[in-house]
Amino acid sequence: MASMTFDGIGKTYPDGTVAVANVSFAISDGEFVVLVGPSGCGKSTLLRMAAGLETLNSGRLLMDDTDETDTEPQDRDIAMVFQNYALYPHMSVYENMAFGLQQRKMPKEKIDKLVRDAAEMLDLTRYLERKPGALSGGQRQRVAMGRAIVRHPMAFLMDEPLSNLDAKLRVQMRGELKLLNQRLGVTTLYVTHDQVEAMTMGDRVAVLKPVSNDQESNLQQIDTPQMLYDKPANLFVAGFIGSPAMNFLRIELKAETGSLRAAISGTEISFPVPAGAALSAYAGRQVIAGIRPEMFQVCPEGEALFNERIPVAEALGADTFVFFDIPSPPVNVNDAEDTEGFTYKGKNRLVARIPPALTPALNQRLALTVDLAKLHWFDPTTGVAIRD
Amino acid sequence: MASMTFDGIGKTYPDGTVAVANVSFAISDGEFVVLVGPSGCGKSTLLRMAAGLETLNSGRLLMDDTDETDTEPQDRDIAMVFQNYALYPHMSVYENMAFGLQQRKMPKEKIDKLVRDAAEMLDLTRYLERKPGALSGGQRQRVAMGRAIVRHPMAFLMDEPLSNLDAKLRVQMRGELKLLNQRLGVTTLYVTHDQVEAMTMGDRVAVLKPVSNDQESNLQQIDTPQMLYDKPANLFVAGFIGSPAMNFLRIELKAETGSLRAAISGTEISFPVPAGAALSAYAGRQVIAGIRPEMFQVCPEGEALFNERIPVAEALGADTFVFFDIPSPPVNVNDAEDTEGFTYKGKNRLVARIPPALTPALNQRLALTVDLAKLHWFDPTTGVAIRD
Amino acid sequence: MHTTIGRSPRALGPAGKSFVRRNLPYLLIAPSVVMLLALIAYPLLFALKSSFYFWNLQIGPQPLAFVGIDNYVQALNAFDFRAALGNTLILSVAGTAIEFGLGLAIALILLRALPGMNIVRALLILPTTIAPIVVGFLFRYLYDPGGGLLTWILHALWLPVPAEGILGSPSTALAAILFVDIWQWTPFFAIVLYASLLAVPDEILEAARLDRASPWTILMRIKLPLIKRTAIIIIMLRFMQIFNTFDTVLVLTRGGPGTSTRTLGYSLYEQGLVNFNIGLVSAMTWITVLIVNIIVALYVFFAFRNEEW
Amino acid sequence: APRRAGAQDAKSVRVLSVEDPFFFSLKAMVPEYEKETGIKIELESLSYDALQSRLVSAFVAKTSDADVIVVDQMWLGQYLDNGWIISLNDFIARDSELDLSDFIPEVLYSSNMWRGQIGTLPVAAYAQGVMYRKDIFDEFGIAAPPSKTSEEWTWTKYVDTLKKLEGKSFGGQPLFPTVICGSQPSPITHMFTQLSVSHGANWFKSFPTAPWDFSPQLTGPAWVKSVEVYRQLYKLSPPEAINYVWFDAGTRFAKGDIGMFYWWTPYFYLIKNSGYMTGKKSDVMEKYATAVLPKAEGVPQTVSIGGWSLGIPSSSERQEAGYAFIKWATSKATQKKMALWPDLNYQFSDFARASLYEDQDLRVIYPYLDVQYSMMKQGNGKITRPPVPGYTAVESVLGLSLNQLLTGSEDPKTALERTNSLFESILKGNLMIPYQKESFADSKDEAKALIGKLGKK
Amino acid sequence: MLPAFFFLAIFIGPILWFIALAIRPADTAFTMPPQLTFEPNLDAFRHILVDPGTNAPQLVNSLVVAIGAVLLNLPFSVPAAYALSRFKLRGKKNIMLWYLGLLMAPPVAFLIPYFVLITRIGLQGSYLSMILVLQTLTIPFSVWLMKSFIDEVPAELEEAARVDGARWYTIMWRITLPIVRPGIIVTSMFAFVFAWNNAAFPLVLSSRSTATLPIGTLGYFATSGVTWNYIAAAAVLAMIPPMIIFLVFDRYVVRGLTFGSVKG
Ligand SMILES: Nc1ncnc2c1ncn2[C@@H]1O[C@H](COP(=O)(O)OP(=O)(O)OP(=O)(O)O)[C@@H](O)[C@H]1O
Ligand SMILES: Nc1ncnc2c1ncn2[C@@H]1O[C@H](COP(=O)(O)OP(=O)(O)OP(=O)(O)O)[C@@H](O)[C@H]1O
Ligand SMILES: [Mg+2]
Ligand SMILES: [Mg+2]
């Protein structure tokens with residue numbers, strides 16, 4: 001319905017908190033963009049700015065190439081799911097959903113049909129006459145969803161719309177939302193903390209990071225989910241996408257003939273790595289290697305890269321995550337201050353995903369290897385991925 | 001600190017909604033019990049009853065074997081994380097967390113230390129002086145957590161305490177909470193929609209289901225996570241635990257010599273199954289088979305049980321879920337009415353988890369097989385698992 | 001205040017283009033301001049102008065002479081000014097404080113969902129629905145030394161009652177007037193506080209109970225801070241009302257015995273509606289307005305110091 | 001019969017009154033008047049305070065929603081001077097039916113005349129007199145006070161008589177010798193000034209005799225003496241009398257535990273009833289008698305005059321009709337009918353007309369008319385409470401001082417001196433000292449002359 | 001429940017005693033000890049309502065004036081309170097204090113100027129004159145009190161409505177005001193009460209046909225005596241309409257206005 005362009009937007013709250021700074025990206029018409037990032041990184045603020053609820057301290061917001069920075073929310077034709085629902089407490093579920101449609105002077109029967117269809121989809125039909133106060137948390141959240149999806153706006157803004165729903169419902173809603181996006185072609189900005197949602201729903205995913213001043217930018221990378229997963233732009237993105245998160249290792253890179261040898265700092269472990277051009281430039285220096293938990297494979301002891309005791313194992317049913325420690329300095333990617341150096345805290349806990357059947361007894365050793373070709377490499381100072 | 005026994009408790013809201021009925025189970029001292037169930041199944045209500053915030057319509061609540069059904073909340077020594085936070089809006093984050101401690105006439109310095117430690121753990125140190133109104137959703141949720149964990153109560157009641165946190169923080173908090181539970185030995189009742197949380201945190205997990213009258217019971221099964229996953233008591237539990245959910249197939253069971261042959265209704269597919277005593281009793285009748293997505297294995301075409309076109313695939317990075325349809329009647333386990341029969345809707349969509357590398361192109365066929373020994377079997381009428 | 005955690009009230013968005021939208025808040029406020037201006041400007045200016053003239057309707061129908069600030073000097077030097085100011089301050093400070101305390105206690109009782117509470121509420125409001133001057137009559141009757149119920153009850157409780165009667169003794173008359181005001185206006189506090197307490201979200205109170213806060217702590221640290229705004233406002237409104245009362249004094253004691261119950265309001269009444277000294281009463285009006293303004297401005301300054309407006 | 005001619009232009013006459021006793025009986029007569037004349041009388045009653053605020057506001061705005069208003073004697077000068085009500089001189093001079101000479105001249109002089117104008121006509125005239133309990137006096141062998149003014153019956157004697165009742169009980173009930181009014185400002189002033197005027201006290205250096213000089217004279221010995229006596233009277237009264245307004249004293253007497261007191265003459269009949277205008281007989285109904293006021297040794301007696309009169313606002317457009325109504329209401333016939341109106345147990349004998357005091361029908365019902373008349377004849381409202389502009393301002397100061405003197409132990413002289421200087425400053429503030437306007441030689445004789453002149457047809 | 005009874009006794013006791021005064025024989029009113037039993041009669045009520053019944057039309061006048069004052073008050077004060085609560089504007093503090101300043105003026109001093117003013121616009125003696133002048137009390141009071149109630153509605157609700165495409169008037173009318181209805185009703189009830197028991201303005205502004213009940217009640221207090229039972233009866237009469245109004249509107253004053261609306 002509409003494309004949307006954030007052009008260097010920034011928001012500083014009256015108390016001085018810089019919530020958003022220098023964020024620029026464009027969403028094309030009908031695109032489904034997911035925003036992810038740690039708590040407090042400015043996702044909601046960004047959404048609220050897109051809705052026109054928050055004035056911009058800097059930058060412009062274009063919709064379909066017209067500057068809408070100062071347009072009132074009611075003139076923007078967007079539908080929003082608020083993180084905290086913001087249901088009308090005095091209206092029934094039905095009225096909550098119908099309200100937005102009534103503002104558009106739609107005939108009553110049409111409203112009725114739209115509301116009932118949405119309620120059906122959200123499994124709320126039974127609750128249409130209830131007030132929000134008499135609903136469970138998840139039901140309230142579904143009403144908040146319903147209020148948005150009954151409409152046929154230029155853009156959807158959804159702030160963690162499924163966070164309080166059970167897995168099953170969430171899967172179902174995910175499908176419905178995606179379908180809606182495809183069918184109506186409504187541009188959608190979607191905030192979630194759920195990795196599965198982020199990976200499956202977004203045409204593209206934007207990874208944000210908290211900023212501490214208005215010189216930085218929240219936006220770390222915006223790309224297709226697979227690209228983010230496979231080719232994270234930097235340590236932050238790599239660490240953020242995927243759950244459990246990518247394991248990071250501090251590596252001393254030594255040049256060998258024809259290849260490079262990577263030695264894990266603080267340990268005896270070392271292994272050869274294929275020498276890409278970019279990585280070769282780091283020979284003789286420290287780099288950071290990233291290993292996703294599923295990149296580990298259980299192997300015979302002889303082939304093992306790691307062979308540590310497993311103090312903790314988490315069985316999820318379908319998979320088991322095993323944790324083990326190596327005496328290597330950990331890498332902290334979360335705090336901005338730390339991107340420039342490492343904080344030594346003694347040991348580094350790694351996590352590997354293995355089939356449940358192979359789960360060892362607690363505190364037994366487990367031999368694990370890694371497909372070395374798939375390793376991720378990062379510059380330790382800037383955090384930027386080292387890639388050819 | 002305290003054991004807790006729910007003895008046939010029930011709650012009907014003034015408007016007639018039966019939220020909880022006939023729930024009986026006991027939590028031993030220091031145990032960590034997770035409550036899961038679809039939205040609106042009465043989890044919050046149960047927690048609120050445990051806290052004494054909701055009067056019981058029937059049943060008793062024992063704590064350490066004394067009847068506490070009518071004890072006032074303030075006399076129960078319980079800390080609760082509310083699903084919707086219920087922060088004190090006029091107090092700073094610090095005061096919010098300190099308030100409960102101040103009620104215990106604790107020395108100021110000790111309070112200060114406890115609050116700061118909790119804030120540190122929750123990554124809230126920077127926000128201690130802020131009012132909740134100036135926090136992001138996830139930050140508010142962490143304050144709500146902090147308010148509970150600074151205390152050292154007889155029991156923790158936590159209602160989806162991590163739902164608004166990002167994956168990374170959630171993993172971290174999960175660990176901290178588990179540690180807290182182990183260290184302090186505080187009995188904990190924990191509501192979550194997150195399968196990973198449910199599986200990894202709970203000593204036991206209780207699966208609840210919405211009830212429509214006070215004859216039924218919400219409680220479907222309470223057991224260790226692994227048992228729930230491996231040996232779900234009925235269709236509902238089987239369908240609820242695991243994400244994506246277990247696939248269900250309607251099967252015509254035919255006796256064969258020495259074994260049974262299972263024919264998937266509506267299809268040509270049939271396969272032999274090992275004849276356990278319980279299953280044998282169903283020979284010649286309909287049963288329901290359950291297949292978890294990870295039970296599928298990509299195989300050569302010849303060995304394939306299923307070889308369907310894949311219209312939808314979801315790549316999550318670590319795994320890919322592929323969806324395919326078979327012309328078999330679907331099984332609906334959610335609605336109570338439907339446990340007695342099947343609703344034919346034409347086709348049944350199944351989901352399989354495969355390694356990302358094996359993902360076929362869209363609408364290409366994929367050959368899949370299943371380890372038949374691991375199949376789950378259910379009575380189609382009662383939904384109860386058929387197990388020796 | 002934000003009972004529910006919300007973002008603080010903020011401008012409803014960026015300035016629009018149209019005149020109406022740009023000036024919307026002012027347009028919404030304007031009618032009331034214009035209305036009040038239209039109603040108040042004339043009397044205020046009338047009073048301001050008159051205060052500089054000698055104008056006594058008993059002496060002549062028109063202002064007789066420009067006397068500068070003479071009226072103000074006269075008002076401030078009047079024999080009863082100090083006594084009246086003192087009594088007025090005692091009445092308004094003690095009255096508001098006690099009414100607030102009692103009203104709050106009653107509001108808390110009203111909050112309990114007991115059967116018949118709505119009738120209790122409707123009954124409770126009765127004292128405020130009688131014209132203050134009629135309330136004066138009522139208490140004249142109740143205080144009557146020779147048949148007053150209250151006098152009798154005090155006697156019955158072996159409490160000392162002055163021989164001159166409750167209203168006849170300088171030691172009790174002011175307290176008696178204070179009691180009348182408390183009787184009449186405590187329900188006002190009770191109902192308004194009750195209504196604002198109703199708006200305090202249950203969940204916050206539940207959280208506090210789980211934090212094991214005593215009812216007292218919940219009141220002091222949760223409920224009161226959450227209704228602070230409303231409380232501040234009605235305290236202020238009542239303070240000003242008491243500051244201007246004269247009706248009960250008129251009926252009960254006419255300022256006596258001696259000057260022990262004379263109030264500024266009564267002096268104003270006397271100069272205005274008995275002596276018809278328009279010039280003098282205008283000056284007194286402005287003096288009163290200034291005094292209350294100073295008090296209220298101080299009060300507002302301190303009470304709202306940490307509040308957003 | 002009223003003169004129809006003047007009233008014909010109006011369909012209705014709006015009358016604004018207070019609710020004193022005359023109002024009730026007058027109201028009872030109104031239907032008759034309406035029937036007779038075809039004019040609708042819209043009789044509205046207000047409280048004293050309300051009436052005055054309403055009237056003055058209306059005067060200032062130069063409008064009025066009344067054609068006839070009740071005017072207190074204190075307001076007369078102010079209303080006439082300000083041109084708010086009209087002088088009735090012309091009406092009276094033109095009116096051949098009105099028998100002006102029947103009005104007691106002292107009443108007209110005190111209540112209705114100002115600067116040679118008759119501004120109003122009296123509808124209810126009050127003097128003051130003594131009421132005592134026959135039965136109590138008999139019981140304790142005390143001689144009844146006289147019904148004729150005499151040199152024997154002095155304030156000293158009055159106090160001595162009361163003292164005989166001190167500490168006594170009657171009918172099992174402790175007795176108070178007397179009761180006074182202590183409430184400031186008007187009630188205490190009304191009662192006290194009777195005492196002081198009896199002692200020959202004067203408020204001002206020269207009023208009503210010309211040239212007017214309002215220098216206050218409160219420090220004179222007559223004032224001091226009066227305060228001392230009044231203090232004594234208070235000691236002999238129930239202590240709560242400190243807060244008593246007009247009717248409280250009467251009500252108290254009607255309750256039966258008071259021996260004797262003096263007060264406005266309407267109480268002669270009001271105390272017959274328990275409860276105001278209830279018509280229910282009081283305990284003392286048959287047990288009291290009236291007597292003349294005591295006087296001070298060597299000072300000619302002067303009695304306070306008060307009451308209510310009717311006047312016509314200058315803004316009224318129905319002045320003729322208004323006058324016709326006033327004439328009717330104050331006429332001998334109407335007043336007699338009012339007095340004979342049996343409801344409420346006969347509650348009206350406040351005649352301003354001499355002839356009514358001789359009326360046999362009335363003397364049966366109101367046996368005290370002789371006493372009352374003799375009090376009237378000695379009346380002089382202009383000295384007792386000088387109805388000068390700004391009176392209320394000084395009255396409030398005097399009332400306050402007196403009230404304080406009753407409860408406190410301050411030396412009367414010092415207190416009066418202080419009051420005197422307050423008077424002075426108030427009067428100066430009100431531009432009364434020195435008096436700048438024209439004076440008017442206002443004496444009873446002048447008044448009688450004017451009455452004679454206007455009455456001559 | 002016990003403290004409730006205690007308070008009720010304190011606040012209702014005098015009123016019961018007043019009711020008793022209205023229906024008791026006059027000679028039993030002032031006795032020591034107070035006479036608790038008596039033969040009740042309705043004479044006083046007959047007098048004030050039927051014969052001559054002066055107070056019955058005054059009751060109607062009072063209702064007209066008080067209801068009129070509230071109705072006129074609402075369209076002026078509700079938008080103002082809403083704007084003051086919801087918008088950031090320059091000079092807000094000053095405007096708010098200015099409203100207060102009006103309340104501070106002692107009404108007695110203004111009676112004469114008001115009368116003059118009302119006469120100039122030709123409204124003397126009309127209901128409207130009283131209704132208008134009463135606005136000087138009700139508007140400032142309502143603006144302040146309503147603002148404090150509106151302040152409590154989470155801003156998110158209005159934001160949601162804006163995103164839903166609602167204009168400010170729709171938001172005010174359909175979202176905010178319904179939610180603060182209890183506050184508005186309580187405020188209006190007291191605005192009604194203030195107008196209802198105001199005696200000062202009708203004192204000069206009313207006429208015979210528009211006089212309100214307090215004025216009528218005052219009339220029973222004369223210098224020569226007080227008709228206690230009439231005063232009492234009129235006062236009792238005056239209590240009934242407000243009581244009915246409070247009973248009727250009480251059900252709108254409810255708990256949990258914003259319950260379930262926002263999370264956090
Ligand atoms: N106040 C109420 N009045 C009536 N029904 C209510 C009330 N509160 C909750 N319910 C209903 O009771 C049922 C259970 O609610 P509860 O809040 O316990 O669900 P829940 O399991 O916590 O759901 P969720 O995961 O969505 O939070 C729901 O169907 C809900 O609609
Ligand atoms: N009203 C406010 N005043 C000051 N700071 C604020 C305000 N609202 C939010 N912030 C801060 O701005 C930052 C961004 O907030 P925002 O709500 O956009 O985060 P978010 O990405 O949505 O986080 P979450 O996932 O926890 O909801 C946070 O650090 C928060 O503390
Ligand atoms: Mg957010
Ligand atoms: Mg819940």
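Convention: sequence-line order gives letters A, B, ...; per-chain numbering from 1. In this text, all values refer to a predicted model and were calculated from it rather than measured experimentally.
- Note: Glu44(D) CD to Ser206(E) OG = 7.0 Å, rounded to the nearest 0.5 Å.
- At a threshold of 4.5 Å between non-hydrogen side-chain atoms, the residues Arg14(D) and Arg208(E) do not count as touching.
- Residue contact with chain E, scored on non-hydrogen atoms closer than 4.5 Å, is absent for Phe23(D).
- Looking at Lys62(D), there are no atoms closer than 4.5 Å to chain E (heavy atoms on both sides), in backbone or side chain.
- Contacts between residues 211-231 of chain E and chain D, counted as heavy-atom pairs separated by less than 4.5 Å, involve Ile215(E), Leu218(E), Gly219(E), Tyr220(E), Phe221(E), Ala222(E), Thr223(E), Ser224(E), Gly225(E), Val226(E), Thr227(E).
- Of all residues in residues 113-125 of chain E, those placing a non-hydrogen atom less than 4.5 angstrom from a non-hydrogen atom of chain D are Phe115(E), Val116(E), Thr119(E), Gln124(E).
- Chosen from Ile112(E), Asp43(E), Leu203(E), the residue pairing most often with chain D at heavy-atom distances under 4.5 Å is Leu203(E).
- Proximity to chain E (any heavy atom under 4.5 Å) is restricted, for Leu270(D), to the side chain, taken from C-beta onward.
- Proximity to chain E (any heavy atom under 4.5 Å) is restricted, for Trp308(D), to the side chain, taken from C-beta onward.
- Other residues, nucleotides and ligands place no more than 12 heavy atoms under 6.0 Å from the CZ atom of Phe249(E).
- Around CD of Glu39(E), the count of heavy atoms belonging to other residues, nucleotides or ligands within 6.0 Å does not exceed 12.
- Looking at Thr251(D), there are no atoms closer than 4.5 Å to chain E (heavy atoms on both sides), in backbone or side chain.
- Using a 4.5 Å cut-off between heavy atoms, Ala58(D) contacts chain E through both its backbone and its side chain.
- For Lys255(D), the part lying under 4.5 angstrom from a heavy atom of chain E is the side chain only.
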